[in-house]
Amino acid sequence: MFSQKLRLDGRVAVVTGGGRGIGLAIGEALAEFGARIVIADIDAEIAEAGREALRAKGFEASAHVLDVTKPQEVEAFARRVVEAEGRVHILVANAGIALSGVAAEDTEDERWLQVNDVNYNGVFWCNRAFGRHMLGAGGGAIVNIGSMSGYISNRPQKQTYYNASKAAVHQMTSSLAAEWADRGVRVNAVAPTYIETEMTRYRDGNDGMLDVWLRDTPMHRMGQPHEIASVVHFLASDASSLMTGTTVLADAGFTCW
Ligand code: NAD
């Protein structure tokens, strides 16, 4: 049964940055197919709001505070979750920040370090901790959230620090996949176009920015969080059993031009 491959019943899925935006939509998609969701977010209120939103839709979830940039915190969190749940089958390393709009020559040390710490280091700490558990448990599926910015240079906003951090996520994904492929742990990534979330809200304060984005996009629209969540669900499920090390673009055609 092909449809059975999409089911996630009995599986536990950790979603970092899962309290809102794309992460919350991912939680909803995975939960709808039967997974129990573990939300990990740096912001306690956001994490709790995400849990409530899932619960209101009838889905089971727990909410935890986690800063993915702290490797020891991530290790301790992974141990706690495994202890409580018995097993983690799916990790979605989604937490990320953009801090867009500063030219390379004006980029402050702190901005470069902060963005790379969350988007790149944080993804590795989570992959390492949960990947080790999955290797020991005999398998698992990891989905990292990259970006089309890992392939292109956005305009008009400048954000070399963000673009570089996302290209690193794509490369890390294929390197980890190669290391773990013959031990049952698949690692893939999704590279979204502009999605309507808090992260891209800065477009409102920048006259003409949205027009440039839409003109540059063959579909002439932004994406919605659920349109990324469905790709993540596919990669997290057995329907993608032959896929590992791949970064799937969900970019409304952006990289075609
Ligand atoms: P968002 O800002 O709405 O959500 C990000 C979540 O991550 C928030 O809940 C935030 O509290 C959490 N977070 C931030 N730093 C954290 C940390 N150190 N530890 C744990 N949690 C942390 O953004 P979003 O648009 O939903 O973005 C989700 C992911 O998708 C990010 O990796 C982002 O780079 C990527 N992405 C977004 C877009 C877009 O256009 N929105 C496009 C491409 C890729």
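It should be emphasised that the depicted structure is a prediction, and the values quoted were computed from it without experimental measurement. Order of appearance sets the numbers: ligands from 1, and atoms from 1 within every ligand. Heads up: numbering here begins at 1 and tracks the sequence.
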Where ligand 1 meets I46 - atom numbers and elements under 4.0 angstrom, heavy-atom basis: 9 (O), 11 (O)
Which residue and atom name correspond to the protein heavy atom nearest atom 40 (O) of ligand 1, and how close is it? I195 N, 2.7 Å
Do W112 and T160 have side chains that get closer than 4.5 Å, going by heavy atoms? yes
Closest approach of any protein heavy atom to atom 25 (O) of ligand 1, naming residue and atom: T197 OG1, 2.5 Å
Is any NZ, NE, NH1 or NH2 atom of the basic residue among R55 and E48 found under 4.0 Å from an Asp or Glu carboxylate oxygen of the other? no
Is K166 in polar range of ligand 1, meaning some N or O pair under 3.5 Å apart? yes
Before you tell me yes or no, could you show the steps for K57 and E28 under salt bridge (Lys or Arg N to Asp or Glu O under 4.0 Å), namely the whole-Å CA-CA distance, both residues' side-chain angles and the distance that decides it to 0.1 Å? CA-CA 9 Å; K57 294 191 168 170; E28 187 180 336; 3.0 Å; yes
Heavy-atom check, side chain of V68 versus side chain of W125, under 4.5 Å: no
Between R186 and V143, is a side-chain contact (heavy atoms from CB on, under 4.5 Å) present by the stated rule, with each step listed? CA-CA 8 Å; R186 297 186 300 111; V143 185; over 6 Å; no
Can you name the atoms of ligand 1, numbered from 1 with element, that are less than 4.0 Å from a heavy atom of L66? 19 (N), 20 (C)
Under the salt bridge (Lys or Arg N to Asp or Glu O under 4.0 Å) criterion, do R203 and E196 qualify, and how do the steps go? CA-CA 10 Å; R203 69 183 185 272; E196 281 195 57; 3.8 Å; yes
Those atoms of ligand 1 less than 4.0 Å from some heavy atom in G17: 6 (C), 7 (O), 12 (C)
Please walk me through it: do R132 and E75 pass salt bridge (Lys or Arg N to Asp or Glu O under 4.0 Å)? CA-CA 10 Å; R132 190 189 302 117; E75 291 288 336; 2.8 Å; yes
Distance under 4.0 Å to a non-hydrogen atom of S147: what atoms of ligand 1 satisfy this? 43 (C), 44 (C)
Is it the case that ligand 1 has an N or O less than 3.5 angstrom from some N or O of V68? yes
For G96, take its heavy atoms, then give the atoms of ligand 1 lying under 4.0 Å from any of them. 5 (C), 31 (C), 32 (O)
Which ligand 1 atoms are under 4.0 Å away from a heavy-atom of A95? 7 (O), 20 (C), 21 (N), 22 (C), 32 (O)
Using distance only, find each side-chain donor-acceptor pair of residues 133-142 under 3.5 Å and give its atom names and separation, not counting sequence neighbours.
from : atom 1 : to  : atom 2 : distance (Å)
H133 : NE2    : V88 : N      : 2.9

Give yes or no for whether the N/O distance cutoff of 3.5 Å, strictly under, is met between D41 and ligand 1. yes
Looking only at protein heavy atoms, identify the closest one to atom 26 (O) of ligand 1 and say how far it is in Å. I22 N, 2.8 Å
For atom 4 (O) of ligand 1, which protein heavy atom lies nearest, and how many Å away is it? R20 NE, 3.6 Å
Give a yes-or-no answer on whether the side chains of Y161 and N119 include a donor-acceptor pair shorter than 3.5 Å. no
Please list, in number order, the atoms of ligand 1 under 4.0 Å from a heavy atom of P192. 43 (C), 44 (C)
Does any N or O in the side chain of N127 come within less than 3.5 Å of the main-chain N or O of V123, such that one atom is a donor and the other an acceptor? yes
Hey, can you tell me if W257 and H220 have their rings parallel, tilted or perpendicular (30° and 60° cut-offs)? tilted
Which atoms of ligand 1 are found less than 4.0 Å from any heavy atom of Y162? 33 (C), 34 (O), 35 (C), 36 (N), 43 (C), 44 (C)
Heavy-atom proximity to atom 32 (O) of ligand 1 ranks first, among L24, I145, N94, for N94
What protein heavy atom sits nearest atom 23 (O) of ligand 1, and how far away is it? M199 CB, 3.6 Å
Has ligand 1 got any nitrogen or oxygen that is less than 3.5 angstrom from a nitrogen or oxygen of I42? yes
Identity and separation of the nearest protein heavy atom to atom 18 (N) of ligand 1: D67 OD1, 3.0 Å
Looking only at distances, please establish whether an N/O atom of ligand 1 is found under 3.5 Å from an N/O atom of D43. no
Student check: side-chain heavy atoms of Y151 and F254 closer than 4.5 Å: no
Presence of salt bridge, E83 and R80, under 4.0 angstrom: no
Which protein heavy atom lies closest to atom 42 (C) of ligand 1, and at what distance to 0.1 Å? T193 O, 3.1 Å
